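These notes are about the structure you will find just below.
Everything numeric in this text was worked out from a predicted model, so none of it was measured. The basis for the numbers below is simple: all heavy atoms, side chains too, and nothing from hydrogens, waters or symmetry mates.
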Amino acid sequence: MAITLFALMLGVFCLGTAEIIISGLLPNVAADLSVSLPNAGLLVTGYALGVTIIGPFVTLLTLRVPRKTLMLGLMAPFILGNIWAVLAPDYQTLMAARILTSISHGTFVAVAFSLAVMLSPANKQGSAMAKIALGFNLANAFGGPMGTFIGQNLGWRATFIAIVAIAIISVILIVVFMPSKLAQAQQPKSGAMGRELSTLINPTLAFAVIATVLAQGAVFTASTYIVPLLMDVSYFTPSAVSALLVVFGIGAIIGNFAGGRLADKHVMRGVTIVLSSLVIILIVFWMTSVVPILSAITLFLFGAIGFSIIPSLQARIQALAVAAPTLALSVNVSAFNLGNGLGAWMGGIVLDFGFGIRAVLLAAAVLAVISLAIILLSWRQSRQPMPQVSAS
């Protein structure tokens, strides 16, 4: 089953890289299509909105589709959208291509997580989710920088060609190695839509999704402004910052698997540990950012802790919606994207108010504290016995 999980992870890597890659190519795209940098930046927003708004509906409408067929079908608009991006003659066409590319994102990731759980023993499900989440970490640590390098040297369209090539490899692996009968067992039966929708009514699930938005927002409030923090506060040179971003990426990969291991042992305890650690490391980062060597060490720890939340929070959703998890996982994928936007906005607000770049870390810690409080409250409520109704 390892090759199947690898194929799904590779697909997630392509999706994650496609989502973030425009950020590194903004000057190239803006110059080539004769638009401003802010307008070029909206290509990132367009993708994120497609994931957030369209994704859950795609999940809902494809519940009865056999899982292997669905995964292959979802890669079709993704590949076509990226080919369309390569050929886009103007900004409007590229935006449309980005939106087409995004519609597969939420459902593919949700089903990949769900299949990873099904293909793994009960005590290894968190680790299986970590293998899927690794795709996002690799996208941030290597996909984005490598795509930027390709785009800057061969033109931004070459980056999308590379994404298409890797996506095709993922499709081939899914065709060859995903067991159709086993994947078919995961296909929801009649009445699935009603069960999936009713699952979303669960208040505890709703709080878990909100916690995801806030936790991811905390990570992105800090990580969005990592480069200016390292240069303007820690006084690292641009070349040193490039090396430190690799260190940050390595920490993210290690943390991803650590989060999965914690979720294997006890989902709620694992979520609580990673969120508590996130609060602590953000405050520590605020204190150490003025000392270069300590700042570098803390950056690594922030990468490890910040990216341990993905498998942990997805495992929490899986545990709450075990009978009908696909739509809930898709909604949580949207929650991660909302968190990305929230984080970038929160950091910008802090800077607009003149608090300085270091204060971004404290703002991130506040979001993490609120997320942790929501998780602890929901955990406490779930452990309380149901009130007994006495007969009169």
Side-chain angles (χ1 to χ4, degrees), residues 5 8-10 12-13 15-17 19-20 23 105 109 112-113 116 126-146 211-227 229-230 244-264 267 270-285 296-317 329 332-333 335-344 347 360-361 364-365 367-368 371-372 375:
L5 292 180
L8 296 174
M9 183 277 292
L10 194 62
V12 171
F13 168 78
L15 293 162
T17 301
E19 179 176 17
I20 67 172
S23 298
H105 189 115
V109 174
F113 276 121
S127 294
M129 284 191 162
K131 291 176 182 177
I132 301 300
L134 177 63
F136 286 126
N137 293 328
L138 290 175
N140 282 282
F142 301 108
M146 184 58 66
T212 294
V213 174
L214 294 170
Q216 185 73 354
V219 173
F220 266 72
T221 297
S223 62
T224 300
Y225 296 93
I226 280 294
V227 171
L229 178 76
L230 293 175
L244 286 171
L245 291 178
V246 175
V247 172
F248 177 72
I250 293 171
I253 293 171
I254 294 172
N256 174 71
F257 286 108
R261 290 290 182 89
L262 286 171
D264 283 341
V267 173
V271 172
T272 303
I273 289 173
V274 298
L275 288 179
S276 300
S277 301
L278 181 59
V279 173
I280 294 170
I281 200 63
L282 286 167
I283 295 172
V284 170
F285 205 175
I297 295 170
T298 312
L299 177 69
F300 170 80
L301 295 174
F302 170 57
I305 294 169
F307 285 87
S308 68
I309 69 171
I310 298 178
S312 299
L313 291 171
Q314 285 290 61
R316 171 63 172 158
I317 296 295
L329 288 170
N332 211 43
V333 172
F336 278 109
N337 280 271
L338 284 175
N340 295 347
L342 172 65
V360 167
L361 297 169
L367 289 179
S371 178
L372 175 61
I375 286 293

Open item on the list: Under the criterion side chain to side chain contact (heavy atoms under 4.5 Å, CB included), I'd like the reasoning laid out for I305 against V219: C-alpha separation, chi angles, the key distance, then a yes or no.
Closed with: CA-CA 9 Å; I305 294 169; V219 173; over 6 Å; no

- [ ] Would you sort out whether F285 and I297 count as a side chain to side chain contact (heavy atoms under 4.5 Å, CB included), showing the intermediate values?
- [x] CA-CA 9 Å; F285 205 175; I297 295 170; over 6 Å; no

Gap between atom [atom2] of [Y] and atom [atom1] of [X] - 0.5 Å precision:
{"X": "L214", "Y": "T221", "atom1": "CG", "atom2": "OG1", "answer": "9.5 Å"}
{"X": "F13", "Y": "L134", "atom1": "CZ", "atom2": "CG", "answer": "10.0 Å"}
{"X": "L282", "Y": "T298", "atom1": "CG", "atom2": "OG1", "answer": "10.5 Å"}
{"X": "L230", "Y": "L245", "atom1": "CG", "atom2": "CG", "answer": "7.0 Å"}

Could I get the full list of side-chain contact (heavy atoms from CB on, under 4.5 Å) partners for [X], not counting sequence neighbours?
{"X": "A296", "answer": "F236, L244"}
{"X": "A263", "answer": "A315"}
{"X": "I273", "answer": "L262, R269, S277"}
{"X": "I254", "answer": "I250, F300"}

Closest non-hydrogen atom pair between [X] and [Y], with its separation:
{"X": "I310", "Y": "A133", "result": "CG2-CB, 3.6 Å"}
{"X": "I132", "Y": "A116", "result": "CG1-CB, 3.7 Å"}
{"X": "A218", "Y": "A368", "result": "CB-N, 3.7 Å"}
{"X": "L278", "Y": "A215", "result": "CD2-O, 4.1 Å"}
{"X": "A130", "Y": "G260", "result": "CB-CA, 3.9 Å"}
{"X": "P145", "Y": "A139", "result": "CD-O, 4.4 Å"}

Task: Residue pairs fulfilling side-chain hydrogen bond (donor to acceptor under 3.5 Å, both in side chains) with at least one residue in residues 244-259, sequence neighbours excluded - done: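 As it turns out, the side-chain hydrogen bond (donor to acceptor under 3.5 Å, both in side chains) pairs with a partner in residues 244-259, which skip direct neighbours, are N137-N256.
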
- [ ] Using the side-chain hydrogen bond (donor to acceptor under 3.5 Å, both in side chains) rule, collect all pairs that involve residues 299-315, keeping only residues at least two apart or in two chains.
- [x]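 Listed by first then second residue: Q314-N332.
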
Open item on the list: F248: which residues meet the ring-ring contact (aromatic ring centres under 6.0 Å, His included) condition with it, sequence neighbours left out?
Closed with: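 Per chain and number, F248 pairs via ring-ring contact (aromatic ring centres under 6.0 Å, His included) with F302, F307.
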
Task: Pairing residues for F136 by the ring-ring contact (aromatic ring centres under 6.0 Å, His included) criterion, not counting sequence neighbours - done: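 If we apply the ring-ring contact (aromatic ring centres under 6.0 Å, His included) test to F136, skipping adjacent residues, the hits are H105.
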
Task: Verdict with reasoning, Y225 to L361, per side chain to side chain contact (heavy atoms under 4.5 Å, CB included) - done: CA-CA 9 Å; Y225 296 93; L361 297 169; over 6 Å; no

- [ ] Just jot down the side-chain hydrogen bond (donor to acceptor under 3.5 Å, both in side chains) partners of T272, sequence neighbours excluded, or say none.
- [x]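 Applying side-chain hydrogen bond (donor to acceptor under 3.5 Å, both in side chains) to T272 gives none.
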
Task: Residues which pass side-chain hydrogen bond (donor to acceptor under 3.5 Å, both in side chains) with Q216, listed by chain and number, not counting sequence neighbours - done: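 Once residues adjacent in sequence are excluded, the partners of Q216 under the side-chain hydrogen bond (donor to acceptor under 3.5 Å, both in side chains) criterion are N340.
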
How about [X] and [Y]: do any of their side-chain heavy atoms sit closer than 4.5 Å?
{"X": "R261", "Y": "D264", "value": "yes"}
{"X": "V333", "Y": "N337", "value": "yes"}
{"X": "V284", "Y": "I280", "value": "yes"}

- [ ] Could you check V109 against L15 for side chain to side chain contact (heavy atoms under 4.5 Å, CB included), going step by step and ending with a plain yes or no?
- [x] CA-CA 9 Å; V109 174; L15 293 162; 4.0 Å; yes

Open item on the list: Using the side chain to side chain contact (heavy atoms under 4.5 Å, CB included) definition, which of the options V279, V213, V271, L275 pairs with S371?
Closed with: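 Exactly one option meets the side chain to side chain contact (heavy atoms under 4.5 Å, CB included) with S371, and it is L275.
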
